Number of protein chains: 2
Amino acid sequence: MSPTRAPKQTTHRGTGFLARGHDHRRCVDAALSRAEDLCAARSVRLTGLRRRVLELIWGSHKPLGAYQILEALRGERPGAAPPTVYRAVEFLVAQGLVHRIESLNAFVGCAHPGESHVSQLLICRACGEAAEIADPRLADTMDRITADAGFLAHRHAVEAVGLCRRCQIGADPE
Amino acid sequence: MSPTRAPKQTTHRGTGFLARGHDHRRCVDAALSRAEDLCAARSVRLTGLRRRVLELIWGSHKPLGAYQILEALRGERPGAAPPTVYRAVEFLVAQGLVHRIESLNAFVGCAHPGESHVSQLLICRACGEAAEIADPRLADTMDRITADAGFLAHRHAVEAVGLCRRCQIGADPE
DNA sequence: CCTGGAAATGTTATATTATAACATTCCGCC
DNA sequence: GGCGGAATGTTATAATATAACATTTCCAGG
């Protein structure tokens, strides 16, 4: 059913950010392949459009806005309009394949699709990349806090804006 | 300089949400008074407009959108326009008097102005109220995670959407 | 097959949120 | 009083998101 998996790429010194020279096509291929599998398992349709939008979002590790996606789609799909994009990302977010970054109004591929997780998104304001950290300590702490408050949490957004290690040490942000 | 402080109101059974019948005028008065003090201490100007916008935001514990604030302002300040509101909230957020809730594009009064804190906003999707929990465990956990990632965090947004205790037990959401 | 109906997409229009740019007023300070 | 920067007024427009209805796709059941 799904092709043989490429070995998982390690993050750049454990930062959640992949090294600059990493084989990004592998990220994309792995993401698309996992998406196919998950959708098949759930009997939901990863249509051509949805697959393409997922691929565009995975085009880099920088969050992509809806209108950037739209612009990219237009070359290949003349009738594309805002609802085209918003409906596709709605599906992808609902399936946990993509995260919406609230503080940017933008979308980024989910690094842990299919696993239930509370993740923290680290957004570098220099290079624009976003890394996803699914640390169990975070999930634990948030569970404890919301439980103490008697709050029944449904959806979490944990976002931090700052500088990734690479950009702190003065590396060229690109 | 600042008037005698009213005793702090306790939250409803420790949930972060105040009891329905609490004396809300006290919340507002306390918030405005703390704001006056903080701005004076920092030599920044809490002008009439800014004070009024802060008061409107504190009008309830429900986050208020910029255009809701605008609508409220218009009755008393005919020339009010979007920049009027956005500039005032920009100031209030910069001074830590108000939080912007990213997932709602809305603003809510900060419960801990002047104290450095990482806070989690609990947003009830039934009653619409937002509670702010400044639990040191959260700050610790996030510090540890970002430190492990070598990330230099600058700004945090931690938001949870769900049901507050009151609304879980079937209380009238209003 | 074929077709009925739901899901997906196309299409047009508009709502909502936010900012740019420049003019005017306010206010502390000399 | 008046200089200069901060705050606000004013007009226009950018950026993000959804409503509403038309059309197409696709597959489950006949």
Side-chain angles (χ1 to χ4, degrees), chain A residues 35-36 39-40 42-57 62-95 97-108 128 157 159, chain B residues 35-36 39-57 62-95 97-108 128 157 159 161:
Chain A
E36 299 276 13
C39 289
R42 293 171 183 167
S43 305
V44 296
R45 292 162 60 190
L46 186 63
T47 61
L49 173 62
R50 291 165 174 177
R51 192 179 197 285
R52 181 68 182 121
V53 169
L54 181 61
E55 191 178 17
L56 287 168
I57 290 172
K62 299 184 190 182
L64 218 51
Y67 282 74
Q68 290 177 280
I69 297 169
L70 179 56
E71 190 182 3
L73 269 184
R74 279 215 152 115
E76 57 207 48
R77 199 178 271 257
T84 312
V85 172
Y86 282 101
R87 289 192 287 226
V89 299
E90 179 186 35
F91 170 87
L92 296 169
V93 169
Q95 295 302 320
L97 300 169
V98 158
H99 290 290
R100 176 186 167 85
I101 300 186
E102 302 291 351
S103 56
L104 297 179
N105 296 329
F107 303 90
V108 73
E159 301 172 12
Chain B
E36 299 277 14
C39 289
R42 293 169 183 166
S43 305
V44 295
R45 291 163 56 192
L46 186 63
T47 61
L49 172 63
R50 290 166 174 175
R51 192 180 197 285
R52 181 67 182 123
V53 169
L54 181 60
E55 190 178 19
L56 287 168
I57 289 172
K62 299 184 189 185
L64 217 52
Y67 282 75
Q68 290 177 281
I69 297 169
L70 179 56
E71 191 182 2
L73 269 184
R74 279 214 154 115
E76 57 207 49
R77 197 179 272 259
T84 312
V85 172
Y86 282 100
R87 289 192 287 226
V89 298
E90 179 186 34
F91 170 86
L92 296 170
V93 169
Q95 295 302 321
L97 300 169
V98 157
H99 289 291
R100 177 187 164 84
I101 300 185
E102 301 290 352
S103 56
L104 297 179
N105 296 328
F107 303 90
V108 73
E159 301 172 11
V161 178

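Worth saying up front: this structure is predicted, and the values here are computed from it rather than measured. A, B, ... follow the sequence lines: proteins, then strands. Residue 1 opens every chain.
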Checklist line | Residues in salt bridge (Lys or Arg N to Asp or Glu O under 4.0 Å) contact with Glu36(B), at least two apart in sequence or another chain | finding: Arg51(B)
Check: Which part of the nucleic acid, if any, lies within reach of Arg50(A) when heavy atoms closer than 4.0 Å are counted: base, sugar-phosphate only, or nothing?
Finding: sugar-phosphate
Notebook entry, point to check: Going by heavy atoms closer than 4.0 Å, what residues in residues 65-84 of chain A are next to DNA chain D?
Noted result: Tyr67(A), Pro82(A), Pro83(A)
Note to self: When the axes are fitted on five pairs at both termini, how much does the helix from dC1(C)-dG30(D) to dC30(C)-dG1(D) curve, in 10° steps?
What the structure shows: 30°
Without placing hydrogens or testing angles, list every side-chain donor-acceptor pair under 3.5 Å for residues 80-87 of chain B, not counting sequence neighbours.
unit_1   : atom_1 : unit_2   : atom_2 : d
Thr84(B) : OG1    : Ala81(B) : N      : 3.0
Thr84(B) : OG1    : Ala81(B) : O      : 3.0

Notebook entry, point to check: Taking 5' to 3' order, which nucleotide of DNA chain C is first and which is last to have an atom within less than 4.0 Å of a heavy atom in chain B?
Noted result: dT17(C) to dC27(C)
Residues 43-50 of chain A side chain polar contacts: donor-acceptor under 3.5 Å, at least two apart:
unit_1   : atom_1 : unit_2   : atom_2 : d
Thr47(A) : OG1    : Arg50(A) : N      : 3.3
Arg50(A) : NH1    : Arg45(A) : O      : 2.7

Next item on the list: List the protein contact pattern of nucleotides 22-28 of chain D with one symbol per nucleotide (5' to 3'): B for base contact, S for sugar-phosphate-only contact, - for none; contact means a heavy-atom distance under 4.0 Å.
Entry: ----S--
Note to self: Assuming nearest nucleotide by heavy-atom distance, tell me which of Arg100(B) and Gly48(A) is located more 5' along DNA chain C.
What the structure shows: Gly48(A)
Item checked: Closest non-hydrogen atom pair between Leu92(B) and Leu54(B), with its separation -> CD1-N, 3.8 Å
Item checked: Pairs satisfying salt bridge (Lys or Arg N to Asp or Glu O under 4.0 Å), at least one member in residues 69-84 of chain B, at least two apart -> Arg52(B)-Glu76(B)
Notebook entry, point to check: How close or far is atom P of dT8(D) from atom CZ of Arg51(B), stated in whole angstroms?
Noted result: 14 Å
Check: What is the distance, rounded to the nearest whole Å, between atom CZ of Phe107(A) and atom P of dA15(D)?
Finding: 17 Å
Notebook entry, point to check: Got a second to check how far Ile69(B)'s CD1 is from Leu56(B)'s CG, nearest 0.5 Å?
Noted result: 7.0 Å
Could you go through residues 97-108 of chain A and list every donor-acceptor pair under 3.5 Å that involves a side-chain atom there, pairing it with any protein atom two or more places apart or in another chain?
unit_1    : atom_1 : unit_2    : atom_2 : d
His99(A)  : NE2    : Glu132(A) : OE1    : 3.4
His99(A)  : NE2    : Glu132(A) : OE2    : 3.0
Arg100(A) : NE     : Glu102(A) : OE1    : 3.1
Arg100(A) : NH2    : Asn105(A) : OD1    : 2.9
Ser103(A) : OG     : Glu159(A) : OE1    : 2.6

Next item on the list: Only counting residues at least two apart or in another chain, list the ones meeting side chain to side chain donor-acceptor pair (under 3.5 Å) with Gln95(B).
Entry: Arg42(B)
Check: For Leu49(B) and Tyr86(A), take the nucleotide of DNA chain D holding the closest heavy atom to each; which residue's nucleotide lies nearer the 5' end?
Finding: Leu49(B)
